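Working notes, beginning with the structure itself.
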Amino acid sequence: MKCPLCQGLVVFNGVEYVCSQCGTVLGVEHVPPVEKAVKAAREKPKNEREWRRHMQLARASVTTAIKAPALKRVQWTPPSKRVEQWIWTLCYRLDIPAVECIKAVEAFRRIPRTAWQGSYPVNVAGAVLNLVFMVPALHIERVEPRACNTSINRLARKLAKYVRSAYAEIKSVVEAVLGEK
């Protein structure tokens with residue numbers, strides 16, 4: 001094997017591959033495609049097609065040399081779903097029954113997005129719970145340290161008109177459904 005830098009002889013010293021002339025450490029295992037890609041990447045491109053090939057080989061040499069693991073793609077979740085998840089999480093931590101939590105989620109769904117947009121989802125969920133169940137913001141902050149009681153109080157004042165009307169509608173519908181049974 002040849003060294004990609006000085007074309008010297010590469011030897012295995014029992015632990016890793018090392019160039020006998022320049023002393024470059026090539027790693028624990030020597031990968032032949034890197035050698036070809038590095039050599040091709042050093043050549044000057046003459047036209048646009050060769051330039052594209054040159055760039056591909058340059059990227060390939062870096063990628064192959066590093067052997068970067070495949071990155072996992074994370075599924076994007078909309079902010080409204082994140083707020084709903086935080087409502088459920090906070091209800092669980094505050095020991096609020098699931099039936100009541102459903103009412104809080106429904107009340108949140110009726111709030112226009114522009115009213116809460118730009119705030120952290122945990123603070124929006126805390127503000128909704130503050131308005132629906134009269135849970136103090138400080139109590140929410142103690143249960144979830146990422147929540148901020150001043151932000152929750154500010155959002156609660158901003159969302160009060162939306163949540164109270166929505167919760168009144170939901171409560172009357174639920175009572176009507178339970179009254180029929």
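Starting from 1, each residue takes its place in the sequence as its number. Note that the structure is a prediction, hence the values are computed from the model and not measured.
Between Cys91 and Leu129, some side-chain heavy-atom pair lies under the 4.5 Å cut-off. Put simply, the side chain of Asn130 does not reach to within 4.5 Å of the side chain of Leu155, judged on heavy atoms. Here the side chains of Trp86 and Val124 are not in contact, with every heavy-atom distance at 4.5 Å or above. Residues Ile102 and Trp88 meet the side-chain proximity criterion, which asks for heavy atoms closer than 4.5 Å. Proximity of Leu9 to Cys19: side-chain heavy atoms (C-beta onward) are nowhere separated by under 4.5 Å. Taking the side chain as every heavy atom from C-beta outward, Cys101 and Tyr92 never approach each other to under 4.5 Å.
In plain terms, the two heavy atoms of Asn153 and Ala137 that are nearest each other are OD1-CB, 3.3 Å. Residue Ala147 comes nearest to Ile140 through the heavy atom pair CB-CG2, 4.3 Å, listed as atom of the first residue, atom of the second, then distance. Taking every heavy atom of both residues into account, Leu159 and Ala115 meet most closely at CD2-CB, 3.7 Å.
Going from atom CD1 of Ile111 over to atom OG of Ser165 covers 9.0 Å, rounded to the nearest 0.5 Å. Note: Tyr162 OH to Leu131 CG = 12.5 Å, rounded to the nearest 0.5 Å. Distance check: Ile96 CD1 to Ile87 CD1 gives 10.5 Å after rounding to the nearest 0.5 Å. For the atom pair OG of Ser151 and NZ of Lys158, the computed distance is 11.0 Å after rounding to the nearest 0.5 Å.
Residue pairs meeting the side-chain hydrogen bond (donor to acceptor under 3.5 Å, both in side chains) criterion with at least one partner in residues 110-129, sequence neighbours excluded, are Arg110-Glu169. Applying the side-chain hydrogen bond (donor to acceptor under 3.5 Å, both in side chains) test to every pair with at least one member in residues 136-150, sequence neighbours left out, gives these pairs: Arg93-Glu144, Glu144-Arg146.
With salt bridges taken as basic N to acidic carboxylate O contacts below 4.0 Å, none links Glu106 and Lys103.
Taking Arg82 as the reference, Thr77 meet the side-chain hydrogen bond (donor to acceptor under 3.5 Å, both in side chains) condition, with sequence neighbours excluded.
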Test log, rule side-chain contact (heavy atoms from CB on, under 4.5 Å), inputs Val10 and Val18: CA-CA 6 Å; Val10 175; Val18 181; over 6 Å; no
